[in-house]
Amino acid sequence: MIFSKSRPVKIVLVGTGGTGGYIVPQLYRLLYALDRPIRVILCDGDLVEEKNLGRQNFIEADLGKNKAMVLAERYSNAFGIETSYIPQYVEDEEMLEELLEPLQYPQNRYVTNQNGEAVRKVISEIVILIGAVDNNRSRQVFHSVFQRAKELIYIDSGNSKASGQVICGVRRSGKTFYQPVASLYPEVLEQTDKFPTELSCAEASISAPQTIAANLAAATVVTIHIYNILAEGNNHSVGKSVFSTKSVNIQSFKKNVKRRKAA
């Protein structure tokens, strides 16, 4: 699939913890090298806790601070990239649609409209939604918004202790060309878990076992997808990628096919 190598870009990353926190530095280095307008929005309602320091991209000085704020300030200052942060969980479809709304950029050329009038040509941003969450209730929100979007690239990352998958769904002209994660893993749409804000303190303290190796691997695969889309303009791995840190293996499928349970 061919992607524009010159259109402005807007990236919304939801989840800046285990995987999202490692996506951020790689993402900013990639975006810094691109010669095009770029905006980034980081979203997370969680605070940095001591238990995060061993596996996530935070240090002691970050304790008690919002994760999205810490990373937005750290890397936007380092790379000079326009960044906003939302210090709350994205659990509402209307809120997500607002975050994904693209800007229109007027061009120095004119085109003729349906009334025969000369109007300035405009181009809209390429919008990429990156889901780095650990619950399917949030993925259900992303899925619903993706299904209604006229144009959207939705990259979802999920992993367990030593393996995981990255799914790249693509919508263009109101049609789905590559299926999102919930279409490949129907169990994502089942009402089996809760939003982060619905969890009790005891529930929130229990999380799926993950390792820094799996988080780094997932973040790297996400970055490769974005590199191929934005820098190469042709994502040869668009669709589905699975990885294992035990076998040190990444495998991609150009055709989106249903396999196993999502991590």
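Because only heavy atoms are used, hydrogens play no part in the values below, and waters and symmetry mates are left out as well, while side chains stay in. Keep in mind it's a predicted model, so treat the numbers as computed, not measured. When a residue number appears, it is its place in the shown sequence, counting from 1.
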Quick one, [X] and [Y] - any side-chain contact, counting heavy atoms below 4.5 Å?
X	Y	answer
Pro37	Glu82	no
Val40	Leu31	yes
Ile41	Cys43	yes
Lys121	Tyr105	no
Cys168	Ile153	yes
Ile250	Val221	yes

Answer yes if [X] and [Y] sit in the same cluster of Ile, Leu, Val, Met, Phe, Trp and Tyr residues linked by side chain heavy atoms under 4.5 Å apart, and no otherwise.
X	Y	value
Tyr227	Tyr22	no
Leu230	Tyr178	yes
Ile229	Phe177	yes
Ile81	Val24	yes
Tyr89	Val14	no

For this session: Could you give me the CA-CA distance, side-chain angles and deciding distance for Phe79 and Arg74, then say whether side-chain contact (heavy atoms from CB on, under 4.5 Å) is met?
Result: CA-CA 9 Å; Phe79 291 95; Arg74 180 185 301 167; over 6 Å; no
[Y] and [X] side chains, donor-acceptor separation under 3.5 Å:
X	Y	value
Tyr185	Lys240	yes
Asp156	Tyr154	yes
Asn215	Thr19	yes

N/O donor-acceptor pair under 3.5 Å between [X] side chain and [Y] backbone:
X	Y	answer
Ser163	Asn159	no
Gln56	Gly21	no
Glu190	Pro186	no
Arg139	Val133	yes
Thr220	Leu216	yes
Asn52	Glu49	yes
Arg171	Phe146	yes
Asp62	Phe58	no

Distance check, rounded to the nearest 0.5 Å: [X] atom [atom1] versus [Y] atom [atom2]?
X	Y	atom1	atom2	answer
Lys51	Leu63	NZ	CG	12.5 Å
Gln165	Ser244	CD	OG	12.5 Å
Leu27	Thr223	CG	OG1	6.5 Å
Ile11	Ile130	CD1	CD1	5.0 Å
Phe142	Leu96	CZ	CG	6.5 Å
Ile224	Ile155	CD1	CD1	11.5 Å

For this session: List the steps, then state whether side-chain contact (heavy atoms from CB on, under 4.5 Å) holds for Thr176 with Gln147.
Result: CA-CA 8 Å; Thr176 298; Gln147 297 286 54; 3.8 Å; yes
Could you pull out the closest heavy-atom pair between [X] and [Y], with the gap in Å?
X	Y	result
Leu13	Gly20	CD2-O, 3.8 Å
Val48	Leu53	CG1-CD2, 4.3 Å
Val222	Ser157	CG2-CB, 3.9 Å
Ser6	Ser4	N-OG, 3.2 Å
Pro8	Ile123	CD-CD1, 3.6 Å
Ala231	Lys5	O-CE, 3.2 Å

Problem set entry | Leu189, Val188, Val181 screened by side chain to side chain contact (heavy atoms under 4.5 Å, CB included) with Asn136, the one that passes |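 Only match with Asn136 under side chain to side chain contact (heavy atoms under 4.5 Å, CB included): Val188.
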For this session: Apply the test side-chain hydrogen bond (donor to acceptor under 3.5 Å, both in side chains) to residues Tyr28 and Thr83: give CA-CA distance (whole Å), side-chain angles for both, the deciding distance (0.1 Å), then the verdict.
Result: CA-CA 10 Å; Tyr28 274 76; Thr83 305; 2.8 Å; yes
For this session: Only one of Asp44, Thr16, Asp46 passes side-chain hydrogen bond (donor to acceptor under 3.5 Å, both in side chains) with Lys67; say which it is.
Result: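 The passing option is Asp46.
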Residues 97-104 side chain polar contacts: donor-acceptor under 3.5 Å, at least two apart:
residue	atom	partner	partner atom	Å
Glu97	OE2	Arg148	NE	3.1
Glu97	OE2	Arg148	NH2	2.9

Exercise. For Glu151, which residues count as a side chain to side chain donor-acceptor pair (under 3.5 Å) partner, sequence neighbours excluded?
Worked result: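 Testing Glu151 for side chain to side chain donor-acceptor pair (under 3.5 Å), a comparison that skips the adjacent residues, returns Arg7.
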Problem set entry | All pairs passing side chain to side chain donor-acceptor pair (under 3.5 Å) where residues 29-43 contributes a residue, at least two apart |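 For residues 29-43, and leaving out neighbouring residues, the side chain to side chain donor-acceptor pair (under 3.5 Å) pairs sorted by first residue read Arg39-Glu125.
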For this session: Taking atom CD of Glu60 as the centre, report whether more than 12 heavy atoms of other residues, nucleotides or ligands fall under 6.0 Å from it.
Result: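 No - once you tally the heavy atoms of other residues, nucleotides and ligands closer than 6.0 Å, there are 12 at most.
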